[in-house]
Each structure stands twice: as C-alpha cells, then as structure tokens.
Amino acid sequence: MVKKVAVIGAGVSGLISLKCCVDEGLEPTCFEGTEDIGGLWRFKETVDDGRASIYQSVITNTSKEMSCFSDFPMPEDFPNFLHNSKLLEYFRIVAKKFDLLKYIQFQTTVLSVQRRPDFASSGQWEIVTVSNGKERSTVFDAVMVCSGHHILPHLPLQSFPGIEKFKGQYFHSRQYKQTEGFEGKRILVIGLGNSASDIAVELSKKAAQVFISTRHGSWVKSRISDDGYPWDMIFHTRFASMLRNTLPRTVLKWMTEQQMNQWFSHENYGLEPQNKYLMKEVVLNDDLPSRLLCGLVKVKPRVKELTETTAVFEDGTMEEDIDVIVFATGYTFSFPFLEETVVKVENNMVSLYKCIFPPQLQKSTLACIGLIQPLGSIFPTVELQARWVTRVFKDLCTLPSESIMMADIIKRNEKRIDLFGKSNSQILQTNYIDYLDELALEIGVKPDPFSLLLKDPKLAIKLYFGPCNSYQYRLVGPGQWEGARSAIFTQNQRILKPLKTRSLKASSTFPLSFLLKILGLLAILVGFLLQLQ
Ligand code: FAD
Ligand code: NAP
C-alpha cells in the first residue's frame with residue numbers, strides 16, 4: 001500500500017502535489033534543489049543551472065480566477081493578471097494556509113530515482129538526494145515528478161547559418177532579465193511566442209530598433225476581452241468549448257479569423273499565422289500591435305543567414321548593424337535523475353498515459369505532474385493531475401492495461417498534431433476543458449450542468465456558459481468543497497474588486513445579462529430535451 005510519497009520540486013506542481021497527498025492521507029516528502037518555493041515564479045537576478053529563469057517583468061497571461069486552486073480563491077484585492085512577485089505571494093499564502101512547508105527539504109537535489117529490486121511486487125523507489133555535499137538514499141512507495149519543463153533552452157543554432165561569424169551578442173531568452181545594457185542597440189528577437197513578444201516589446205522602449213523574426217506567424221490577443229473581462233474567462237467556457245469541438249474546422253477557422261482580426265488585421269501587421277487551421281497557443285500581448293504601429297518593433301520572416309553584423313531573411317531583405325540576437329525559441333526538457341527505461345525523452349517527446357503515467361511500469365507508482373502546456377492555465381490542470389494521481393496511488397482509481405494506455409498515447413499524439421501542429425513549441429500542448437474534464441471524470445468530480453438544470457438552474461447556467469474555473473471541480477465527488485458554489489457566484493466580485501480604486505455612483509442598467517441568461521436557459525433546456533430523446 002502506498003504511504004510514503006516523494007515529491008520532486010517545490011514549484012506550483014510540487015506544492016499542489018503536496019497538498020493533494022495530505023488531502024488523501026499520504027505522507028509526502030518534497031525535495032527542492034533551491035532554497036525556496038515557487039520554482040519558475042521566484043524571480044532571481046541570476047540565471048542558475050537546473051532552474052527556470054524569468055525576466056523581471058513577467059506577468060501571468062492566465063487570470064487569477066482561472067489560475068487559483070479549486071478550494072482557495074486568490075485574495076479579492078489581487079489584480080486579475082499577476083506580476084510574478086504577486087503570484088509567488090499567493091503560493092506563499094497557500095503554503096502557509098495548508099501548512100505545506102514542513103514537508104519540504106530545501107537545498108536538496110534529487111540525483112537518482114530507481115526502482116527497488118522488488119519493484120514488481122512492492123512498487124517502491126530508491127531516491128538518492130544530495131544536500132550540503134552529503135548524499136542520502138531513501139525508499140519511497142511512490143514518486144511525483146514536479147521538476148518543471150522550462151529549464152533547458154531550445155537553442156537551434158544549426159538553423160542559423162553564419163551564427164559562428166556573428167560578432168554581436170546572442171543568447172537564449174532565459175538569460176534575459178531586464179532592459180539595462182540594451183539602450184540604443186539594434187536587436188533581433190527570434191520567435192513569436194509569449195517570451196519573444198514580451199521581450200521585444202520591453203526592449204523596444206530602450207533600444208534603437210527591435211526586429212522580431214517569425215517563421216510561422218501567430219495570432220496575437222489582448223488579455224482584455226468582452227466588457228473588459230480577462231480573456232480566459234470568456235474563451236474557456238463549456239459552451240465555447242462545445243462549439244470548438246463540434247463545428248466543422250473550416251467554420252471554426254473562419255470564426256477564429258474574425259475574432260482574432262477584430263482588434264487589428266494580422267495580415268496588415270505581418271503576424272498572420274501560416275496555418276490558420278491550427279489551434280496553437282496564442283500570444284497574449286496588449287502592447288505588441290501598438291509597438292508595431294509605432295515602428296519600434298518590426299516583423300521579419302525567417303532568418304536565412306547571418307553575417308558578422310547582418311541578418312539576411314528568407315524574403316531577401318536584410319537588416320544591418322545588428323548588435324544583439326535574442327533566441328526566444330522555447331524550451332526542451334529532460335529528467336536527468338530518471339532511467340530511460342522509466343521515462344524516455346526522444347525528440348523532445350515522452351510517452352505518458354494522459355501526459356502523466358509511464359505506461360510500461362508493473363506498478364503505477366510514478367507520475368509526472370506539470371509536463372503539459374494546456375491552452376488555459378496550468379495551475380488548475382496540475383491540481384487535477386495531482387488529485388487523480390494520489391487516488392491512483394491509493395488504488396481508489398485504476399489504470400487500464402499497458403496496451404490500452406499505449407493506444408491512448410498514440411491517439412492523443414495524433415490528435416495533438418492535428419490540432420496544434422508539429423512545431424517544437426506545441427509538443428506538450430493540450431486542449432483545456434476537455435483535458436480537465438477527462439481527469440475529473442477519472443476522479444469522479446466532473447460537474448454535469450444538465451443534471452443540475454432542474455435542481456439548481458442558476459448554477460447549471462454558470463457551469464455551462466460561465467468561465468470553466470477550478471471551483472467547478474469541487475462541487476461533487478471526492479474532495480467536494482462546500483464553498484465551491486459560492487466561489488463560482490462571487491468570482492465577479494473578485495475580478496472587479498482590484499479595479500474599484502475610484503468610487504463611482506452605481507448606474508442603473510437594464511439587466512441585459514438577465515435576458516441572455518434566460519436565452520441560455522432555453523438553450524440548455526432544448527439540449528436537455530434532445531438528450532432525453
Ligand atoms: P517549475 O516552476 O519550474 O518548478 C520546478 C521546481 O523543481 C523548481 O523549484 C526546481 O528547483 C525544482 N527541481 C528541478 N529539478 C530538481 C531536482 N533534481 N531536485 C530537486 N528539485 C528540483 N502557465 C500558466 O498557466 N499561466 C501563465 O501565466 C504562465 N506564464 C509563464 C511564463 C513564463 C515566462 C514561462 C516560462 C512559463 C509560464 N507558464 C504559465 C507555464 C509554467 O510552466 C507554469 O506556470 C508553472 O510555473 C510550472 O511549474 P512547475 O512547478 O511545473 O515547474
Ligand atoms: P514557445 O512558446 O515554445 O515559443 C518559441 C518560439 O520560437 C515559437 O514562435 C517558435 O516558432 C520559435 N522557434 C522555435 N524554433 C525555431 C527555429 N529553429 N527558428 C525560428 N523560430 C523558432 O516559447 P516561449 O515563448 O518561451 O514560451 C514558453 C511557455 O511559457 C509558453 O507556454 C508561454 O505561454 C509561456 N510564457 C508565458 C509568458 C507570460 O505569461 N507572460 C511569458 C513567456 C512565456 P514556431 O511556432 O514557428 O515553431
């Protein structure tokens with residue numbers, strides 16, 4: 001029986017894994033290589049090996065109501081998108097509230113995780129750690145690997161002929177911290193992900209000129225959506241997800257184009273994605289279009305060649321006197337402490353059942369948490385992963401046979417390529433609500449708006465048409481939280497609270513939202529009746 005669980009890493013994945021272990025009555029020990037919690041979200045001036053490194057200005061691109069843990073909303077006065085220091089503050093509050101620090105051994109790095117000789121019967125692991133130069137070996141019943149996947153840079157220098165001749169400075173985005181030292185420079189940023197966009201925009205405030213080179217383009221979206229609400233509260237609803245899953249791809253492509261081009265024409269701005277059928281992660285950046293409009297950032301195509309000071313692009317144009325190249329080309333990952341026979345990383349890919357469990361182990365006592373890039377927030381995602389995993393460890397949920405798991409892995413990968421494409425940046429990409437629901441179904445916590453229709457119609461409407469936040473997964477089943485319903489109905493309050501810094505007289509408005517709700521109710525009713533047929 002699983003009792004002692006090792007958790008590797010005290011970033012968000014590690015913290016939530018600890019909490020889930022405690023919730024399930026397991027005995028966790030967390031090994032964290034550094035001196036503190038927070039992982040990626042703990043900004044440091046230095047770039048340390050073996051640890052994620054962010055720039056000083058990073059702000060979340062998923063909102064607080066969509067990024068908090070399911071039984072612990074963020075404080076009302078926290079802004080909707082959080083500076084890294086503020087998110088770290090939330091993690092500190094969580095760690096204190098659930099008394100998690102006592103389980104963590106800081107400055108303790110995991111060197112190896114190996115199956116015990118009697119693994120086939122015991123499912124146990126031997127973990128070797130090092131702390132203050134002292135190695136120690138401990139036996140655990142199960143392991144949760146929470147070591148992160150934004151640590152190793154993907155630096156594709158081989159795709160940049162002439163880089164060896166380039167006389168300027170070049171580095172990966174993980175080395176970038178702030179604008180100091182880049183004043184008056186001509187800078188080329190490679191890539192059009194969220195790192196590239198953030199860094200290009202920030203540098204353009206100090207540099208002489210910034211160029212951003214993209215090979216496939218991308219949709220660029222504002223964090224602000226309808227009526228000023230955070231984008232993900234509008235985008236990630238069950239209703240929108242149902243539409244995305246059922247509409248023909250051509251219709252979906254057309255709708256996406258209309259939606260994305262409402263703000264500005266991606267074609268005119270040179271950003272338009274090459275393959276508009278793909279649902280790749282969008283870039284969330286409120287400033288990039290305005291920087292382009294002001295000419296402070298210019299979009300260029302793929303780099304064909306570099307010389308000592310010049311970048312030549314595939315359309316034949318060139319930009320001279322380039323001082324700095326920032327490779328914002330994403331990440332790769334590895335598990336140096338794991339044997340390849342347990343988790344093998346090949347071409348930056350791993351074979352894990354539901355992105356979590358190695359399928360070939362005789363005992364399912366090792367799980368990877370957070371090795372995923374959902375279209376929505378990763379925080380509720382890792383929480384559901386950890387809730388499921390701890391219940392698998394306890395034999396409260398069971399996994400299918402190896403062959404079924406392998407078939408699922410292959411199918412999932414084919415679907416991923418179909419939806420998101422083959423690009424390196426999309427290797428860990430998953431849909432959001434579909435994946436959350438899939439895990440929730442395993443645990444027995446998937447809410448069913450249709451069954452609630454008669455019992456609690458207000459809630460049914462919220463569940464179906466409102467933002468799919470983590471509280472939805474605390475309404476029923478194991479781990480049910482009595483505050484979940486109320487958290488769903490008070491989220492608006494928490495969204496608006498940090499904006500209410502100037503008191504205004506409340507205006508009386510005709511409840512248009514009420515009308516929409518009635519229409520929504522009718523739509524659900526029709527859906528319900530159709531289901532009955
Ligand atoms: P990490 O935060 O990397 O934590 C891993 C921990 O494991 C670290 O503390 C590390 O020291 C420790 N560790 C590693 N190896 C060992 C070892 N051998 N022994 C002991 N300890 C070890 N996602 C969102 O949903 N919303 C966002 O707004 C968002 N913004 C992002 C911004 C940036 C710049 C980046 C790069 C990613 C962003 N992401 C975002 C995705 C990101 O992956 C998650 O936000 C999340 O922080 C990942 O947490 P983690 O705990 O899995 O990994
Ligand atoms: P990323 O999303 O993987 O993007 C990498 C970019 O580099 C892509 O545009 C990719 O282009 C390009 N690229 C890769 N290889 C290339 C090559 N050989 N030649 C030219 N271009 C190449 O990496 P990231 O931007 O660092 O983001 C990593 C994760 O962190 C993402 O989930 C992101 O959302 C998150 N993040 C969030 C924030 C925030 O919250 N503010 C900030 C930064 C990062 P293709 O698409 O064409 O392959």
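Sequence positions, counted from 1, serve as the residue numbers for this chain. Order of listing sets the numbers, starting from 1, for every ligand and every atom in it. What you see is a predicted model, and the numbers here were worked out from it, not measured in a lab. Any value given below was found using the heavy atoms of this structure, including those in side chains, with hydrogens, waters and symmetry copies removed.
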Considering F379, F31, W41, which one's heavy-atom position lies nearest to atom 31 (C) of ligand 1? W41
With a heavy-atom distance limit of 4.0 Å, tell me whether T108 approaches ligand 1 through its side chain, its backbone, both, or neither. backbone
Report yes if the distance between the aromatic ring centroids of Y269 and W263 is under 6.0 Å, otherwise no. no
Please say whether N61 places an N or O atom under 3.5 Å from an N or O atom belonging to ligand 1. yes
Could you tell me whether ligand 1 has any atom less than 4.0 Å away from a heavy atom of I37? no
For the residue pair F160 and F327, categorise the inter-ring angle as parallel (less than 30°), tilted (30 to 60°) or perpendicular (more than 60°). perpendicular
Distance-only N or O hit between ligand 1 and T109, under 3.5 Å: no
On a heavy-atom basis, which atom in L192 and which in V283 lie closest, and how many Å separate them? O-CG2, 3.1 Å
Taking NZ, NE, NH1 and NH2 as the nitrogens, is one of them in D418 or R249 under 4.0 Å from a carboxylate oxygen of the other? yes
Considering heavy atoms of the protein only, find what lies nearest to atom 2 (O) of ligand 2 and give residue, atom and distance to 0.1 Å. S425 CB, 4.0 Å
Number the atoms of ligand 1 from 1 as they appear, then name those within less than 4.0 Å of a heavy atom of T34, with their elements. 11 (O)
Which bit of F337 gets closer than 4.0 Å to ligand 1, counting heavy atoms only: side chain, backbone, both or neither? side chain
